[in-house]
Structure formats: structure tokens, C-alpha cells
Amino acid sequence: MSLAVTTPAPNHRVLSGQQRVAALLLTMGQGAAKKVLQYFDPEEVKAVTKAAASLGQITTMQIEDLVEEFADGLAHGTDLVGNSSEIQKLLTGILPDEQVTDLMEELRGNANRSIWERISSVSETAIATYLVKEHPQTAALILSKVKPTCAAKVISQLPADVRSSVTRRMLTLKPIIEETMKNIEAALQENFVTSFSKDAGSDTHAKMATIINKMERGHMEDVLADLASVRPRSAEILKGMLFTFDDVIKLSPKDRTTLFDQIQPDRVSVALKGAPDELRQVILGSLASRVRRMVEHDITTQDAVSARDVTDARRVITDLALEMANRGEIVVQSESDLEVSRY
């Protein structure tokens, strides 16, 4: 463990409890620290690891204060520098390599996270929207590199023909030379992660899509048109993530039935007020026979319904559709998804 000699400052920096423990462990060295760390639970190890990596420089005088009973042994020592390199050396051999790696990656933060980990943290809907516009070979490579749970959710949201092509290609992927892979990762960093960068764990495009989805149709179109004039790529991404009441007609029959099984009949009746005949018939066809009769009766006998009530009822349905899609229970496809040329 490397140590740095400095002149002790007259005023010591106040250390937190976790920093004091970290300083003591670093002072002990690996052998003694191992005996102590075996009594720590994982959360305590994580807390001390973070404290040690940000510890910085601790003077001999501070160490002496911390371990007063061992002052004689430390009086001739030098100052100590705590950093991520030192704590990694300390943990190696004490904890399993995989746990050390996980702790250090979390410690170093997103800046050093693998591109594939960062993609894995983006919403599956956003990834699917992006991949459906890419060549299936590119999609196959990306899905083979992200976390399996992420890949599974993304694949379930791809259109059937794209899904089939991508999964076939994933089975026949060949190793890619290191230099080529670096170029691919660099391109993804620029084109994908930058576009889908997350703020406090939430995808910014997904946030914006949620907001736009709650607007009136006219306002929604105005916002997208304005955005397209200055940021066409973002506008395209958002269009692929939006879902309006009219888009219900694009759901598969099975997914429509799954969706409307969760909607109260009276809400369906209100939502269908003024709906185009084709959309009305498609939705009625998705209902169970008894529920359909109830809704048809309500439509013909209901009192006047305000435009606000109709809008609210439709919004409840579209919000639920998006929630179910995020949980992987149904697949929503925007118009832009359906128009994508496929290889």
C-alpha cells in the first residue's frame, strides 16, 4: 500500500464514522482488515468502501487519534492516502472478485460504466424503438451484449417479423475483432446513449413522452412540429414512444382484449363518445359479450357527456396501455414503428 509523507496540519479534518472505520482498515493492512471485514454485512462493506475511496489524505496525527491504544506503533509511521486504488487492493483477496468488481464499478460511477450496462439501464420501450429502425444484424449485436433481462423485455416489444430476424441472427453471431468492437461502442455512445441519457435514473425522452401523451391532440401535434424544426431526431424518438387513444386500433386483438379487460365498462362507454365508427367497432369487438352489451346500451342511452369527460376517459385508457407495455404485458406500436422498412 503506497503512503505519502506530508506535514501534519494543525487543524484536523473532521471525519465521519464511516471514514474513521475506513482509515483504520487501511492502516491495518489486508491481513488484519480481513479478520474485521468478515464480521461486516454487505451494506456495511459497501458503505466503508465508498468512504475509503473518498477519504483522501489522513495525517499521522489523525491516525494516532483514531488508534490511540496503538499510538506507539504508529508514531513513526507516515501519512496515509485513501483512494479507490488502495481500497481495491485491500478488498482483493478478502472478498470474492465479483463482489469487489461490483463495488468498485458502483464506486467509480457512470463515467466508467460499460456502454452495455448503460444501454441496459435505458427503458426497454426506448431501446425497442431505436432498434426497430436499425439493421437486424446491429440489433442482434446490441441485444447479445446487454443484460439478459433487458434483452428479453426488448425482444418481446419488437414487431414479430423483426423479432424473428433478430433472434435468428443472435444465434449465429460471430466474434468481432477488438478494434471493430471499439468503433461500434463509440458509435453507440454518440448515437444511442447520448440520445437516451438518463436523469436521476429516468430516461428524459420517456419523461417527455409521458408529458406529451397527456396533452390534447392538437397541442401534442404543435409541440412535436415545433420540436421537429429544431431537433428532428428527438422528435422522431418521441413519436415512436407516444400512444394515443386512436392508436388502440393498432394493438393486436389479443393485446386489445388484455387492455380492455382492465377498464370499467362505464369508462369505455364515455371514451367511445364521438369516436370514429371503425375505432368504435374494433374496441367493441375486444370486449367480452356481456360487457359489450352493457357498453352498447350505455352509448345509446347515456346523457350528454362533456368533452372533458371524454378526454379524461381516453387518457385513463392510454395511460394504462403504456403502463402495461412497460411491464411487458402488451406491445404498443406507434405509426412510425409500423412504417419502418425491414430487412
Novice: Does Ser269 reach the main-chain N or O of Pro265 with its side chain, forming a donor-acceptor pair under 3.5 Å?
Specialist: yes
Novice: Can you list everything that forms a side-chain contact (heavy atoms from CB on, under 4.5 Å) with Asp319? Sequence neighbours excluded, please.
Specialist: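 With sequence neighbours excluded, Asp319 shows a side-chain contact (heavy atoms from CB on, under 4.5 Å) to Lys214, Arg315, given in chain and number order.
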Novice: What residues, two or more places apart in sequence or in another chain, satisfy side-chain hydrogen bond (donor to acceptor under 3.5 Å, both in side chains) together with Glu329?
Specialist: Arg327
Novice: Restricting to salt bridge (charged side-chain N to carboxylate O under 4.0 Å, His left out), what partner residues turn up for Asp226, sequence neighbours left out?
Specialist: none
Novice: Once rounded to the nearest 0.5 Å, what's the spacing between atom NZ of Lys133 and atom CD1 of Ile237?
Specialist: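 So the NZ of Lys133 and the CD1 of Ile237 are separated by 8.0 Å.
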Novice: Return each pair, listed once, that meets salt bridge (Lys or Arg N to Asp or Glu O under 4.0 Å) where at least one residue sits in residues 253-274; pairs must be two or more places apart or across chains.
Specialist: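 As it turns out, there is no salt bridge (Lys or Arg N to Asp or Glu O under 4.0 Å) pair with a partner in residues 253-274 once direct neighbours are skipped.
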Novice: What is the distance from atom CD1 of Ile142 to atom CG of Leu131, rounded to the nearest 0.5 Å?
Specialist: 5.0 Å
Novice: Less than 4.5 Å apart, any side-chain heavy atom of Phe245 and any of Leu279?
Specialist: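 Sidechains of Leu279 and Phe245: in contact.
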Novice: Please tell me whether Ser164 and Arg168 have a donor and an acceptor in their side chains that are separated by less than 3.5 angstrom.
Specialist: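 Yes - a donor-acceptor pair under 3.5 Å links their side chains.
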Novice: Is there a side-chain contact (heavy atoms from CB on, under 4.5 Å) between Leu251 and Val282? Walk through the geometry before answering.
Specialist: CA-CA 10 Å; Leu251 296 176; Val282 166; over 6 Å; no
Novice: With a 4.5 Å heavy-atom cut-off, do Pro159 and Val132 have their side chains touching?
Specialist: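 Side-chain contact under 4.5 Å: yes.
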Novice: Give a yes-or-no answer on whether the side chains of Thr244 and Asp247 include a donor-acceptor pair shorter than 3.5 Å.
Specialist: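 Indeed, the side chains of Thr244 and Asp247 share at least one donor-acceptor pair under 3.5 Å.
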Novice: Applying salt bridge (charged side-chain N to carboxylate O under 4.0 Å, His left out), name anything that partners Glu323, two or more places apart in sequence or on another chain.
Specialist: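 Here no residue qualifies.
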Novice: How about Tyr130 and Val154: do any of their side-chain heavy atoms sit closer than 4.5 Å?
Specialist: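 A side-chain contact under 4.5 Å is absent here.
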Novice: Would you sort out whether Thr125 and Phe243 count as a side-chain contact (heavy atoms from CB on, under 4.5 Å), showing the intermediate values?
Specialist: CA-CA 12 Å; Thr125 300; Phe243 184 81; over 6 Å; no
Novice: Between Asp277 and Arg280, does at least one N-O distance fall below 4.0 Å, as a salt bridge requires?
Specialist: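 No, no charged N to carboxylate O under 4.0 Å.
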Novice: Residues in side-chain hydrogen bond (donor to acceptor under 3.5 Å, both in side chains) with Gln262, at least two apart?
Specialist: none
Novice: Suppose we screen for side-chain contact (heavy atoms from CB on, under 4.5 Å). Which residues come up paired with Ala325, at least two apart in sequence or across chains?
Specialist: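 side-chain contact (heavy atoms from CB on, under 4.5 Å) check on Ala325 returns Ile330, Val332.
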Novice: Quick one: side-chain contact (heavy atoms from CB on, under 4.5 Å) partners of Gln137, sequence neighbours excluded?
Specialist: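 side-chain contact (heavy atoms from CB on, under 4.5 Å) check on Gln137 returns His135, Arg169, Leu173.
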Novice: How long is the gap from CG on Leu320 to CD1 on Ile263, to the nearest 0.5 Å?
Specialist: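 Leu320 CG to Ile263 CD1: 4.5 Å, rounded to 0.5 Å.
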Novice: With a cutoff of under 4.5 Å between side-chain heavy atoms, which Ile, Leu, Val, Met, Phe, Trp and Tyr residues group with Val310?
Specialist: Val270, Val305
Novice: Hey, what do you get for OG (Ser286) to CD1 (Ile249), rounding to the nearest 0.5 Å?
Specialist: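 The OG atom of Ser286 sits 9.5 Å away from the CD1 atom of Ile249.
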Novice: Does Thr301 use its side chain to pair, donor to acceptor, with the backbone of His297 at less than 3.5 Å?
Specialist: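 Indeed, once roles are kept as given, a pair shorter than 3.5 Å links the two residues.
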Novice: Considering all heavy atoms of both residues, which atom of Ala271 and which atom of Ala313 are nearest to each other, and what is their separation?
Specialist: N-CB, 3.8 Å
Novice: If Ile, Leu, Val, Met, Phe, Trp and Tyr residues are connected whenever their side-chain heavy atoms lie under 4.5 Å apart, and connections chain through other members, are Ile317 and Met324 in the same group?
Specialist: yes
Novice: Would you compute the distance between atom CG of Leu171 and atom OG of Ser144 and round it to the nearest 0.5 angstrom?
Specialist: 11.0 Å
Novice: Can you list everything that forms a side-chain hydrogen bond (donor to acceptor under 3.5 Å, both in side chains) with Asp312? Sequence neighbours excluded, please.
Specialist: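 Asp312 satisfies side-chain hydrogen bond (donor to acceptor under 3.5 Å, both in side chains) with no residue once adjacent residues are dropped.
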Novice: Taking the basic N atoms (NZ, or NE/NH1/NH2) and the acidic carboxylate oxygens, is any pair closer than 4.0 Å for Glu236 and Arg233?
Specialist: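 Judged by the 4.0 Å cut-off on N to carboxylate O distance, Glu236 and Arg233 do form a salt bridge.
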Novice: With the 4.5 Å side-chain cut-off for hydrophobic clustering, are Val316 and Ile299 part of the same group?
Specialist: no
Novice: Ser306 vs Asp309, test: side-chain contact (heavy atoms from CB on, under 4.5 Å). Steps then yes/no.
Specialist: CA-CA 5 Å; Ser306 70; Asp309 288 340; 3.1 Å; yes
Novice: Answer yes if Val268 and Met294 sit in the same cluster of Ile, Leu, Val, Met, Phe, Trp and Tyr residues linked by side chain heavy atoms under 4.5 Å apart, and no otherwise.
Specialist: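 Looking at the clustering, Met294 is in a separate group from Val268.
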Novice: Carefully, step by step, assess Ile127 and Cys150 under the rule side-chain contact (heavy atoms from CB on, under 4.5 Å).
Specialist: CA-CA 9 Å; Ile127 298 174; Cys150 172; 3.6 Å; yes
Novice: What residues, two or more places apart in sequence or in another chain, satisfy side-chain hydrogen bond (donor to acceptor under 3.5 Å, both in side chains) together with Thr258?
Specialist: none
Novice: Working to the nearest 0.5 Å, report the span between CZ of Arg163 and CG of Leu143.
Specialist: 12.0 Å
Novice: Go through the structure and list residues passing side-chain contact (heavy atoms from CB on, under 4.5 Å) with Lys145, not counting sequence neighbours.
Specialist: Trp116, Leu141, Met181
